[in-house]
Amino acid sequence: NFSEAILRKMAELCVELAIDGHRGELTLARASKALAAYHGRTEVLLDDVRTLAPLCLAHRLRKDPLETSDPVDKITEAAAKILA
């Protein structure tokens, strides 16, 4: 289960990263729910979302040919700011 606050944070993260559509949010939500279940919990925590954000969103970032930073670093930085 998700609190509305966590769902909003996931959406805010995807907006911050300029990810098109809702597939990034859906993937992140489903993976976070699975991770919580793996750990024996019924509630998704921000730590679950923070852990999975780079795995779920890295390939969904828009490619900028002039960008030199690693997409995982960009996601981790944004997640640290938004999911605090």
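Quick note: residue numbers are just sequence positions, from 1.
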Verdict with reasoning, M10 to F2, per side-chain contact (heavy atoms from CB on, under 4.5 Å): CA-CA 11 Å; M10 283 189 238; F2 304 98; 3.7 Å; yes

From CG (L28) to CD1 (I75), nearest 0.5 Å: 9.5 Å

Exercise: identify the closest heavy-atom pair between E16 and A78: CG-CB, 4.2 Å

Spacing of CG belonging to L52 relative to CZ belonging to R30, to within rounding of 0.5 Å: 14.0 Å

Which atom of L46 lies closest to which atom of A84, heavy atoms considered: CD1-O, 4.0 Å

Decide yes or no on side-chain contact (heavy atoms from CB on, under 4.5 Å) for L45 and L35, but give the supporting numbers first. CA-CA 10 Å; L45 304 176; L35 184 60; over 6 Å; no

Check for a donor-acceptor pair, side chain of R50 on one end and backbone N or O of A80 on the other, with a separation under 3.5 Å. no

Hey, is R41 close enough to D48 for a salt bridge, meaning N to O under 4.0 Å? yes

Is there a path of hydrophobic side-chain contacts, each under 4.5 Å between heavy atoms of I, L, V, M, F, W or Y residues, that connects L61 with L57? yes

If you measure from the Lys or Arg side-chain nitrogens to the Asp or Glu carboxylate oxygens, is any gap between E77 and K81 under 4.0 Å? no

Distance check, rounded to the nearest 0.5 Å: R8 atom CZ versus E12 atom CD? 10.0 Å

Please tell me whether L55 and I6 are part of a single hydrophobic cluster in this structure, the criterion being side-chain heavy atoms less than 4.5 Å apart. yes

Apply the side chain to side chain contact (heavy atoms under 4.5 Å, CB included) test between C14 and each candidate in R60, K9, E25; give the one that qualifies. E25

Minimum-distance pair of heavy atoms, taken over all atoms of A79 and A53: CB-CB, 4.5 Å

